[in-house]
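Counting convention: from 1, in listed order, for ligands and their atoms alike.
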Amino acid sequence: MSNSIETFSEAETQIEPPEAFRKAARISSREQYERLYRESLDAPDAFWKRELSELTFRSPWTELVEWKLPHAKWFKGATLNITESCLDRHLGTTTRDKVALLWEGESGATRSITYAELTRQVQSCTAALRSLGVQQGDRVAIYMGMVPEVVVAMLACARIGATHTVVFGGFAAESLRDRINDCGAKVVLTQDGAPRRGAPVPLKQTVDEALRSTPSVQHVVVYRHMKDTVQIQMQPGRDLDWAELLAKHAGTGSSAPANSEPAIVDAEHPLFILYTSGSTGKPKGILHTTAGYLAGVHVSTKYVFDLQPNDVYWCTADVGWVTGHSYLVYGPLSNGATCLIYEGAPNYPDWGRFWQIIDRHKVTILYTAPTAIRAFIKAGDEWVEKASLASLRLLGTVGEPINPEVWMWYHEKVGKRRCPIVDTWWQTETGAIMTVTLPGAVPAKPGVTGLPFFGVEPDVVTQDGQTVPPGEGGSFVQRRPWPSMLRTIWGDDERYRQQYFSDIPGYYFSGDGAYRDKDGYFRVVGRIDDVLNVSGHRIGTAEIESVLVAHPSVAEAAAVGRPDDLKGQALVAFVTLKPGFSASPSAAEDLRQQVAKEIGKFARPDEIRFADGLPKTRSGKIMRRLLKDIAAGREIKGDLSTLEDRSILDKLSK
Ligand code: PRX
């Protein structure tokens, strides 16, 4: 972690919410925001009781939160099943026949599924999984693409009280295997293949490879999505066909299938595990539980996106990441929204695809990542200018700091200066959005995430926990627990304590650096630990290094990030080879392939730099800050007194 405190000048530009938007917004002034925010901190019980009153709790909570640092229990005593809030509660209202999922396949095919139909499919899937022996408390892995069935799969697990772990379809077999083994999944739900720029990604085949050493898995359920193009092998006794299995549990007429009722669980029942990268070691299984997570995503979806009944809401994130969980599935569905799911790549068949989707489906809210916006800018304005985009009323961004120029392009070219932009800062660990400028309430500042969301109390502090003055950089922390916070790291509570609560005693430390401006807005400058953010993908340098050093040719490796116009950060790996191996472009390519094979293509280093040695302290620690400067082509600054061998720097800089 960096110790240096930098100071920052104020961001100049402020963009007021457009008057038309403000007038109709749920929260339409800073005063209204402040009032609700104060209530959420000072009278949280009243706040949450009112805000969650439309959701389905089978029994109420008796204590809002029990905080025994670093462990929180929220809504103690409450019981519920999250799918009753996301599905059943809508069936008695007009939302019943509203479209829940509006799907567009990469091929251009479309499907629309109402809340009533989605409920029925989830019920069938629930009964089907129960018939395979899945019970409350079991874990189920989901390795699927962006099809409506992935939502059905997640909700069916939740209905059973089985904890799902969705693994992003870009992960390789080894990564899938490790995740399955870490949580001991009993069943894997997958599909034959998922199209990516016209060619199928063979998901089932990857599952077969992963399952060579996963003793906990008893069954695989395969959704046939690309029957005509993807051949798969079904292992008798283990593998089942999704459609056949669900058909057996379809129910008759208007009566629900047998065994499809929701399991009523405790507020703190594990809802899902999502693996993410940390600064050390292997990926961590972030555990989220039921009631607190529901509370966080329900309220944030409603207010951050100013959801209105007729919105067509599109979150472009893959369901394999936390944004997909919170803002493609649970948050929108608990609010009864119509959610668009697009299956394919943003540039397939060309860079106009996103804009055509918005016009075709009359999308009103678009939530995407800076890395996508930067790619659109690079592709040229003509693509976005061809579309009308008249249906849009609100834009959102997430995943990494957004450069002010990129923000302005989004505002002008996509939002036509008519749509507020919400820059939402949060993490896999936080479960829900933590800082934002609520769209009708306060002005936005390009590149600045904004003010705290309800119930959260962020701060920027020194390493000993002192709040720093506005304009000074420091560690971005949370001073109090919040409902949707992670509860632990699956199977490794000590690591949970170490990772999040040991750097700055008493506070949750995010790993990010930030500063606060005079208006109380937070600007997140990025990670200050050894985690990279490459095209919005969170990658631990330690994971990359351990794959590289496992290669027979590699003696030592150090991965660092370098600023990149398109990706935000590019991944540069410095590698020293063992005697007898020599550096060459093909050796570099070999190492990149090794990372693709072990982790996934998205984690391949952008550059491999071979070196005779790495800069180290006298005690043998690699000095990463120097490597970062070298990778970025910057002048090496700062204290070099602990460096063991200065000649290494000259060689590396060449
Ligand atoms: O560094 C921050 C960055 O993404 C990290 C969290 O990554 P992940 O757990 O994969 O979740 C991404 C989606 C919620 C954070 O530690 N980050 C996320 N949103 C922003 C951001 N950085 C700046 N501004 C944001 N709006």
Side-chain angles (χ1 to χ4, degrees), residues 1-2 11 166 168 170-171 272-279 283-286 288 293 296-297 300-301 304 315-328 330-331 367-374 395-404 406-407 410 421-437 444-453 456 458 460 473 475-478 484-486 489 499-500 503 508-515 521-540 543 561 567-569 602-603:
M1 204 170 95
S2 140
V166 181
F168 171 56
F171 276 114
F272 67 84
I273 301 166
L274 190 57
Y275 287 86
T276 190
S277 297
S279 49
K284 318 170 277 196
I286 302 298
H288 283 288
Y293 176 78
V297 298
S300 57
T301 306
V304 171
C315 166
T316 68
D318 193 282
V319 72
W321 307 116
V322 74
T323 309
H325 284 57
S326 301
Y327 297 109
L328 191 83
Y330 290 108
Y367 189 32
T368 193
T371 189
I373 306 168
R374 290 193 298 263
L395 305 175
T397 147
V398 60
E400 43 178 328
I402 181 164
N403 337 39
V406 174
W407 195 102
Y410 198 28
I421 296 181
V422 288
D423 177 353
T424 61
W425 178 89
W426 59 295
Q427 310 178 290
T428 306
E429 291 87 342
T430 69
I433 291 165
M434 302 293 275
T435 54
V436 64
T437 47
K445 301 184 189 188
V448 181
T449 161
L451 297 164
F453 188 65
V456 309
V460 181
S475 301
F476 198 34
V477 298
Q478 299 298 326
S484 63
M485 69 188 283
L486 78 165
I489 291 175
Q499 184 91 43
Y500 303 108
D503 282 313
Y508 166 89
F509 175 47
S510 60
D512 281 355
Y515 70 93
Y521 283 36
F522 292 94
R523 180 174 197 145
V524 175
V525 286
R527 304 288 308 197
I528 48 179
D529 56 7
D530 292 323
V531 172
L532 305 182
N533 195 327
V534 179
S535 297
H537 292 144
R538 183 166 155 179
I539 299 174
E543 284 168 66
K567 297 178 156 196
Q569 277 188 306
F602 67 90

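- Counting atoms of ligand 1 from 1 in the listed order, those under 4.0 Å from a heavy atom of Val398 are 13 (C), 14 (C).
- Checking each of Val406, Thr368, Ile421 against Thr397 for a side chain to side chain contact (heavy atoms under 4.5 Å, CB included) leaves exactly one that passes, namely Ile421.
- What sits closest to atom 8 (P) of ligand 1 on the protein, heavy atoms only, is Thr428 OG1, 3.5 Å.
- Using a distance-only test at 3.5 Å, with no hydrogens or angles considered, a donor-acceptor pair links the side chain of His325 to the main chain of Val319.
- The one candidate from Tyr327, Phe453, Trp321 that meets the ring-ring contact (aromatic ring centres under 6.0 Å, His included) condition with Trp426 is Tyr327.
- Of the listed residues (Ala432, Ser326, Gly399), the one carrying the non-hydrogen atom nearest atom 17 (N) of ligand 1 is Gly399.
- Here the side chain of Thr449 pairs no donor or acceptor atom with the backbone of Phe522 at under 3.5 angstrom.
- Here is the list of ligand 1 atoms found below 4.0 Å of a heavy atom in Asn533: 3 (C), 4 (O).
- For Thr276, no nitrogen or oxygen atom sits less than 3.5 Å from a nitrogen or oxygen atom of ligand 1, counting backbone and side chain alike.
- Annotation: Asp512 places an N or O atom under 3.5 Å from an N or O atom of ligand 1; distance criterion only.
- At least one N or O atom of Gln427 sits closer than 3.5 Å to an N or O atom of ligand 1.
- The minimum heavy-atom distance between Tyr500 and Glu429, with the atom names listed, is OH-OE2, 2.7 Å.
- In this structure, Asp423 has a heavy atom closer than 4.0 Å to ligand 1.
- Note on ring orientation: taking the six-membered ring where Trp is involved, the planes of Phe168 and Phe602 are perpendicular (angle over 60°, cut-offs 30° and 60°).
- Closest to atom 7 (O) of ligand 1 among all protein heavy atoms lies Arg538 CD, 3.6 Å.
- The residue from Arg527, Arg374, Gln569 that alone fulfils the side-chain hydrogen bond (donor to acceptor under 3.5 Å, both in side chains) condition with Glu400 is Arg374.
- Nearest protein heavy-atom neighbour of atom 13 (C) of ligand 1: Thr323 OG1, 3.4 Å.
- Residues Trp425 and Asp512 have side chains in contact (heavy-atom distance under 4.5 Å, counting atoms from C-beta outward).
- For atom 23 (C) of ligand 1, the nearest protein heavy atom (residue, atom name, distance) is Pro401 N, 3.1 Å.
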